[in-house]
Amino acid sequence: QVQLVESGGGLVQAGGSLRLSCAASGRTFSGYAMGWFRQAPGKERDVVASIDWSGGRRYYVDSVKGRFTISRDNAKNTLYLQMNSLQPEDTAVYYCAARAVYGSNWATTAREYDYWGQGTQVTVSS
């Protein structure tokens with residue numbers, strides 16, 4: 001059974017940093033693209049960042065460029081999201097997701113992902 005488990009969320013003041021982790025189990029994800037999404041109350045689940053199967057190509061939504069960094073450690077089957085200069089508008093539940101297509105490139109829509117974690121809350125106070 002495939003499982004994605006996020007950790008690292010919490011409450012932080014504006015300007016602070018958090019590092020999210022997503023531990024995968026049940027299969028290896030080293031050959032598959034993965035991504036981070038977020039969903040604020042009353043809003044849709046939107047992509048934050050995505051990374052291809054090799055880690056060589058990455059995508060960021062404009063609002064986080066220069067502040068967030070997505071990375072992966074395939075040996076540990078773990079995905080990361082380093083979040084710096086956090087702002088109140090970054091407050092949301094953050095989800096880790098993985099694609100099921102081998103050798104996949106990054107993707108920006110939720111329907112392109114096949115596996116999801118349960119989410120971790122990130123709250124940024126002003």
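Atoms considered below: every heavy atom in the structure, side chains included; atoms not considered: hydrogens, waters and symmetry mates. Keep in mind the model is a prediction, meaning the values are calculated, not measured.
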What's the verdict on side-chain hydrogen bond (donor to acceptor under 3.5 Å, both in side chains) for T78 and D73, showing C-alpha distance, side-chain angles and the deciding distance? CA-CA 5 Å; T78 301; D73 186 336; over 6 Å; no

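- Expressed to the nearest 0.5 Å, how far CD of Q13 lies from OG of S125 amounts to 5.0 Å.
- Among residues at least two apart or in separate chains, ring pair (Phe, Tyr, Trp, His ring centres under 6.0 Å) pairs with a member in residues 46-81 are Y59-W106.
- Annotation for R72 and N74: closest pair NE-OD1, 2.8 Å, computed over non-hydrogen atoms.
- Annotation for A40 and A92: closest pair N-CB, 3.9 Å, computed over non-hydrogen atoms.
- A side-chain donor-acceptor contact under 3.5 Å links D52 to the backbone of G55.
- Put simply, the side chain of R57 does not reach to within 4.5 Å of the side chain of I51, judged on heavy atoms.
- Applying the side-chain contact (heavy atoms from CB on, under 4.5 Å) test between R38 and each of L81, V64, V93, T91 identifies V64 as the sole match.
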Stepwise, does the side-chain hydrogen bond (donor to acceptor under 3.5 Å, both in side chains) test hold for R99 with Y113? CA-CA 4 Å; R99 302 188 73 189; Y113 290 82; 5.8 Å; no

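- Note that SG of C22 and CD of E6 are 5.5 Å apart. Values are rounded to the nearest 0.5 Å.
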Test side chain to side chain contact (heavy atoms under 4.5 Å, CB included) on Q39 and E44; report intermediate values, then the result. CA-CA 6 Å; Q39 187 169 20; E44 294 186 351; 5.5 Å; no

Run V122 and V124 through side chain to side chain contact (heavy atoms under 4.5 Å, CB included) and show every step you take. CA-CA 7 Å; V122 171; V124 185; 4.2 Å; yes

Could you check C96 against W36 for side chain to side chain contact (heavy atoms under 4.5 Å, CB included), going step by step and ending with a plain yes or no? CA-CA 5 Å; C96 166; W36 288 99; 3.9 Å; yes

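- No close placement of the F37 and Y94 rings is indicated, their centers lying 6.0 Å or farther apart.
- Separating the OG atom in S63 from the CD atom in Q87 is a distance of 11.0 Å, to the nearest 0.5 Å.
- Placement of L11 and L86 in two distinct hydrophobic clusters is found when ILVMFWY residues are connected by side-chain heavy-atom separations under 4.5 Å, directly or transitively.
- The closest side-chain heavy-atom distance from L4 to Q118 is not below 4.5 Å.
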Please assess Q121 against T123 for the test side-chain hydrogen bond (donor to acceptor under 3.5 Å, both in side chains), listing each intermediate value before the final yes or no. CA-CA 6 Å; Q121 177 70 46; T123 303; 3.3 Å; yes

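- Within the 4.5 Å cutoff, the side chain of R58 has no heavy atoms near those of the S50 side chain.
- Applying the ring pair (Phe, Tyr, Trp, His ring centres under 6.0 Å) test to residues at least two apart or on different chains, the pairs with a partner in residues 7-30 are F29-Y115.
- Between the side chain of N77 and the main chain of R27, a donor-acceptor pair closer than 3.5 Å is present.
- A heavy-atom distance below 4.5 Å is found between the side chains of I70 and L79.
- Not one N or O on the side chain of N84 forms a donor-acceptor pair closer than 3.5 Å with the backbone of S17.
- Seen from the ring of Y95, R45 counts as a face-on cation partner, given the 6.0 Å and 45° thresholds.
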Run M83 and R19 through side chain to side chain contact (heavy atoms under 4.5 Å, CB included) and show every step you take. CA-CA 6 Å; M83 305 186 294; R19 189 194 195 202; over 6 Å; no

